[in-house]
2 protein chains.
Amino acid sequence: MLTLTRKTVYALIATCHLANVGQKVVCARDMSKLYGVRLPLLMNVLKTLNQHGILRSVRGARGGYALAVGPKQISLSKLIEAVEGPPRLVKCALPQPDDPPCKIFEDCPVRGPMVKVHRMFGSFLKGITVADVAFDNRYSGRKTADARKIVAQ
Amino acid sequence: MLTLTRKTVYALIATCHLANVGQKVVCARDMSKLYGVRLPLLMNVLKTLNQHGILRSVRGARGGYALAVGPKQISLSKLIEAVEGPPRLVKCALPQPDDPPCKIFEDCPVRGPMVKVHRMFGSFLKGITVADVAFDNRYSGRKTADARKIVAQ
DNA sequence: GGAATATAGTATCAACAGGGTACCATTTCA
DNA sequence: TGAAATGGTACCCTGTTGATACTATATTCC
C-alpha cells in the first residue's frame with residue numbers, strides 16, 4: 001500500500017519520546033500507558049530497535065530503553081530498515097536473496113529509471129530524522145507536552 | 001513494505017510504451033508479448049487505467065489502448081492512485097471511510113509532523129511523470145529535498 | 001537469598017492486502 | 001456472422017502484517 005506499517009509508527013513514537021526525555025531510561029510499560037499503544041506489540045518493536053543498535057536496553061528492575069545515539073543520527077530510513085527491512089520503492093533496486101527473481105529483470109523497460117527514483121526516495125527518507133519529528137514545535141499534542149513536564153521536574 | 005505493487009510497475013511499463021508509440025492504439029496482447037508480462041493481469045491494470053482517465057480505450061477488433069493525455073500529465077502519484085489507491089505514507093494523513101479508526105488519533109505525538117512528511121512524499125511522487133520514466137532524462141539531475149524543511153515549513 | 005520487575009528470544013495464530021485466474025457481456029472489424 | 005478485443009466482476013491463493021503467548025535471563029530492592 002505504500003504505507004508505513006504500524007510497527008514503524010510505534011518505533012517513531014518510542015524514539016521521539018526517548019528523544020524528549022534525554023538519556024533517561026524508560027520502560028516499555030510506561031510508554032505503552034502514556035500513548036495508549038498495546039504493550040506486547042510495542043515491546044516487540046523496542047526489541048527490534050535494540051537489536052539494530054538504535055536503542056540501548058537496560059535489563060532488570062528499573063530497566064528500560066534509551067536512545068543509543070542522538071536523535072539527529074536516527075533517520076526515518078534507518079527506522080524503517082530496522083522494523084520493516086530496507087525500503088525499496090521497486091524490489092529490483094535492492095534484490096534480496098529470499099525474494100523470487102523478477103522474470104523480466106533484463107528486459108524491463110522501466111527498471112533503469114525506476115532505480116533512480118528509488119535512490120531519490122532513499123535520500124528523502126535519509127533526510128528525515130527522529131529529531132525532526134520529535135521537536136516539531138508546531139505540533140500541539142498534549143502527550144508530548146506532558147512528557148516534557150515529566151523531564152523538567 | 002513501502003514498495004510499489006507489481007500492478008503499478010505494469011502500469012508504468014504500459015504507459016511508457018504508449019508514450020513511445022505516440023497516439024497509436026496498442027492492444028493488451030501485443031504489450032504482453034513484448035514485455036513478457038502475463039496477459040490477464042496486464043488487462044486488469046489497463047482496464048483500471050482506462051477507468052481513471054489515464055488511458056483511452058478502443059473496443060472491438062483492432063482495438064486497444066492509447067494515452068488519454070500527454071505523458072507529462074501523468075505523474076507517478078496519479079498512476080499509483082489509480083492502481084493502488086491514493087499513496088498514504090501514514091493512513092491518518094488521508095483517512096478513508098472503510099479503514100478502521102486509529103485509536104490514538106488525537107493523542108498521537110507523531111501525527112502532526114508525519115502528515116507533513118506525507119505531503120512532501122506526495123509532492124515527490126507528483127514530480128515524477130511517465131515522460132520522465134519513458135524518456136529517462138528529465139529528472140535524474142534533480143536535487144533531493146532536504147527533509148528538515150518539510151517539518152520546519 | 002528471594003520476590004518483583006523488566007528485557008531477550010522465539011514461536012504461533014489470525015486478519016488483510018496483493019497476486020493471479022476465470023467467466024461472461026459488449027463492441028467493432030472484416 | 002465470426003473473430004478480436006475491451007468491460008466488468010467475482011473469486012481464491014499466498015505472503016505480509018498484526019497480535020499474542022511463553023519461557024529464559026538479568027537487575028533491583030527488601
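Chain A is the first sequence line, chain B the second, and so forth, proteins listed ahead of strands; every chain is numbered from 1. Keep in mind the model is a prediction, meaning the values are calculated, not measured.
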Within the structure provided, determine whether [X] and [Y] are in side-chain contact (heavy-atom separation under 4.5 Å).
X: B:Thr5; Y: B:Tyr10; result: no
X: A:Thr48; Y: A:Lys7; result: no
X: A:Lys91; Y: B:Arg6; result: no

Measure from the side-chain heavy atoms of [X] and tell me the nearest of [options].
X: A:Tyr65; options: C:dA8, C:dG18, D:dA5; value: C:dA8
X: B:Arg38; options: C:dT27, C:dT21, C:dG19; value: C:dT21
X: B:Leu41; options: C:dG20, D:dG7, D:dA4; value: C:dG20

Roughly, in whole Å, what's the span from [atom1] in [X] to [atom2] in [N]?
X: A:Met1; N: D:dT17; atom1: CE; atom2: P; answer: 10 Å
X: A:Glu84; N: C:dA17; atom1: CD; atom2: C1'; answer: 14 Å
X: B:Arg6; N: D:dG15; atom1: CZ; atom2: P; answer: 12 Å
X: B:Arg29; N: D:dA3; atom1: CZ; atom2: P; answer: 14 Å
X: A:Leu2; N: D:dT16; atom1: CG; atom2: P; answer: 17 Å
X: A:Lys103; N: C:dG19; atom1: NZ; atom2: C1'; answer: 11 Å
X: B:His52; N: D:dG8; atom1: NE2; atom2: C1'; answer: 14 Å
X: B:Leu42; N: D:dG7; atom1: CG; atom2: C1'; answer: 15 Å

Counting only side-chain nitrogens and oxygens, does [X] get under 4.0 Å of the OP1 or OP2 atom of [N]?
X: A:Ser57; N: C:dA8; result: yes
X: B:Asn50; N: D:dG7; result: yes
X: A:Arg59; N: D:dA24; result: no

Exercise. Nearest-nucleotide wise, let me know which of B:Met43 and A:Tyr10 is further upstream toward the 5' end of DNA chain D.
Key: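 Counting from the 5' end, the first nearest nucleotide belongs to B:Met43.
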Exercise. Between A:Asn44 and A:Arg62, name the one whose nearest nucleotide on DNA chain D is closer to the 5' end.
Key: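 Looking at DNA chain D, the more 5' nearest nucleotide goes with A:Asn44.
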Quiz item: Taking atom CG of B:Leu55 and atom CD1 of B:Ile74, what is their separation to the nearest 0.5 Å?
Solution: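 These two atoms lie 7.0 Å from each other.
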Quiz prompt | Nearest-nucleotide comparison on DNA chain C, the residue closer to the 5′ end among A:Ala28 and B:Ala61 | solution =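 First, find each residue's nearest nucleotide; the 5'-ward one identifies A:Ala28.
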Quiz item: If each of A:Gly60 and B:Thr5 is mapped to the nucleotide of DNA chain C with the nearest heavy atom, which maps nearer the 5' terminus, i.e. the 5' end?
Solution: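 The 5'-side residue here is A:Gly60.
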Quiz item: With a 4.0 Å cut-off on heavy atoms, is B:Gln51 in touch with a base, just the backbone sugar-phosphate, or nothing at all?
Solution: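 B:Gln51: backbone/sugar contact only, no base atoms under 4.0 Å.
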Quiz item: Checking only heavy atoms, does the side chain of A:Lys47 share a donor-acceptor pair with the base of C:dG9 at less than 3.5 Å?
Solution: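 Pair found.
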Quiz item: How are the rings of B:Phe121 and A:Phe121 set relative to one another: parallel (under 30°), tilted (30 to 60°) or perpendicular (over 60°)?
Solution: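 It falls in the tilted class, 30° to 60°.
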